[in-house]
K.L.:
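Before anything else, here's the structure in question.
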Amino acid sequence: MVAPTFSAVAAGMKTFFPDLPLNSGFYRTFEISAPANSIVSAQWPVAVTRFLMPFEKIMNAIFEIWSKILPERAIACSFNLEYLLTGGYDRRQEEKPIFMSYDWLPGGWGGRNGKDGCNVTTACFGTGLMAQPVEGQERVNPILTTRFEINTDSAGPGKWRGGVGVQKTSVLLEADKTVISYICDRERAVVWGIEGGLPSMPHGLTLRRTGTQQDDWLGSVFSDVALNEGDIFSRPTAGGGGFGDPLQRDPDQVKEDVIDEYVSVERARKDYGVVLETIDKDLCEYAVDVAATEKERETIRASRHGWARTDPNEVAKMFQAGDVDTLDVIRKYAVILDWKTGELLPNSTAQFREMFQKRTVAHWS
């Protein structure tokens, strides 16, 4: 499995330095040190799902290394590619009833030094992978897409915010013996920001059974879950991580993000400390409350170091009680939970907080 690790290093270098020619001299510059029997050097018969999830993490690590060396070209973490597979028997097709839908989504790239991240862009794993047109998918599969739109608040906040991801919702139509499988790896290893920027959001798929009104969180890794006609499944993709302190973002830029529905009015206040007055939502007319914004930013500056040290168990209780939402838990308290039950994940939280302190808190004034 060292070969895919080598490939990921090469892909990260080529992406960060697109003008470098791909030739033998390019490859000779790499010396890969991959500890045996680790995630970057797995041995048979360890399952690696074609190395998709570690591949993009290695690429983002390469981006961060060079961002330190060349800060003028720095870029925060980008979203991970995710795959959804749905298969069964299509009752609309008598001659060829077996169907297999293989779907992936675009998402957001990391904020950059001086620029926001790219919105709704294909993953760094394969920049030639374009989003499939839903009309074509619906023609060959008994799956109807009911929602495919920009995912508001998915971008990691920063002085230069990450790009936004998308939300896709589908319903199973005339099909029998259908199963669904899904893989991503950003449910707990949430896309991170740098230089004081904030993280994005967790990946994961929700399923609503026909005849019910409740969504069941299935998470980011599962296989062969049975689907019935009328079941609705929905998944978001994360945005990119933020670059720089979000309290340094121009309030007028935040207002434009709200107009474009990249950021909600609520998260504009919580993440950027920008207080907006809604004049006419239908006409996208908002105004920055300058005095309230200055006061809100002062409050956040005075409090946020303490928020990031809050007892994770208390955060889990607040989440379970409905006092805070998922983005509060991640961006304000740097805590990782089981997003279905609200149970604290102590090891994931410890790792996430270590990262959060280094990449985010340490850069706050």
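The first residue in the sequence is number 1, and the count goes up from there. All values below were derived from every heavy atom in this structure, side-chain atoms included, with hydrogens, water molecules and symmetry-related copies excluded.
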K.L.:
Check this for me, if you would: do K270 and E266 make a salt bridge, where the nitrogen-to-carboxylate-oxygen distance has to be below 4.0 angstrom?
P.N.:
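Judged by the 4.0 Å cut-off on N to carboxylate O distance, K270 and E266 do form a salt bridge.
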K.L.:
Looking at Y83 versus Y182, is the centre-to-centre ring distance below 6.0 Å?
P.N.:
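Between Y182 and Y83, which both carry aromatic rings, the centre distance is not below 6.0 Å.
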K.L.:
For the pair E298 and K295, find out whether any cationic side-chain nitrogen is under 4.0 Å from an anionic carboxylate oxygen.
P.N.:
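So E298 does not pair with K295 through a salt bridge.
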K.L.:
Can we say K340 and D216 salt-bridge, meaning some charged N sits less than 4.0 Å from an Asp/Glu carboxylate O?
P.N.:
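Between D216 and K340 there is a salt bridge, with a charged N closer than 4.0 Å to a carboxylate O.
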K.L.:
Looking only at side-chain N and O atoms, does E56 offer a donor or acceptor that is under 3.5 Å from a partner on N80?
P.N.:
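The criterion, which ignores hydrogens and geometry beyond distance, is satisfied for E56 and N80.
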K.L.:
Among residues at least two apart in sequence or on other chains, which ones pass ring pair (Phe, Tyr, Trp, His ring centres under 6.0 Å) with H305?
P.N.:
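For H305, the residues satisfying ring pair (Phe, Tyr, Trp, His ring centres under 6.0 Å) (neighbours in sequence not counted) are W364.
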K.L.:
Whether D325 and K332 form a salt bridge (side-chain N of Lys/Arg under 4.0 Å from carboxylate O of Asp/Glu) is what I want to check.
P.N.:
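Answer for the salt bridge query: no.
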K.L.:
Just to verify, what does D260 make a side chain to side chain donor-acceptor pair (under 3.5 Å) with, not counting sequence neighbours?
P.N.:
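D260 satisfies side chain to side chain donor-acceptor pair (under 3.5 Å) with no residue once adjacent residues are dropped.
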K.L.:
Which distance, rounded to the nearest 0.5 Å, do you find between the CZ of F222 and the CD1 of I180?
P.N.:
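It comes to 5.0 Å.
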K.L.:
Quick one: do D231 and R208 make a salt bridge, cutoff under 4.0 Å?
P.N.:
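Result for this pair is no, no salt bridge flagged.
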K.L.:
Hey, could you give me the CZ/NZ distance between F125 and K57, rounded to the nearest 0.5 Å?
P.N.:
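Here the interatomic distance stands at 12.5 Å.
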K.L.:
Less than 6.0 angstrom from the centroid, inside 45 degrees of the normal: does R73 satisfy that with respect to the ring of F16?
P.N.:
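Yes, a cation-pi geometry.
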K.L.:
Do W160 and Q248 have side-chain N/O donor and acceptor atoms under 3.5 Å apart?
P.N.:
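Absent: no donor and acceptor within the cut-off.
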K.L.:
Counting distance only, does the side-chain N/O of N60 pair as donor-acceptor with the main-chain N or O of S78 below 3.5 Å?
P.N.:
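Yes, because the side chain of N60 sits within donor-acceptor range (under 3.5 Å) of the backbone of S78.
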K.L.:
Between K68, K159, R359, which is the residue that forms a salt bridge (Lys or Arg N to Asp or Glu O under 4.0 Å) with E195?
P.N.:
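Only one option passes, and that is K68.
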K.L.:
Take D116 and R249 through the side chain to side chain contact (heavy atoms under 4.5 Å, CB included) test and state the conclusion after the steps.
P.N.:
CA-CA 11 Å; D116 294 336; R249 187 168 179 82; 3.0 Å; yes
K.L.:
Taking all heavy atoms of L247 and all of G273, pick out the closest pair and write down the distance.
P.N.:
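Smallest interatomic distance, heavy atoms only, reads CD2-N, 4.1 Å.
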K.L.:
Salt bridge or not for D103 and R235, using N-O below 4.0 Å?
P.N.:
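Yes, charged N to carboxylate O under 4.0 Å.
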K.L.:
Between R304 and D245, does at least one N-O distance fall below 4.0 Å, as a salt bridge requires?
P.N.:
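So R304 pairs with D245 through a salt bridge.
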K.L.:
Just by distance, no angles: are the side chains of Q167 and S234 close enough, under 3.5 Å, to form a donor-acceptor pair?
P.N.:
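A donor-acceptor contact under 3.5 Å links the two side chains.
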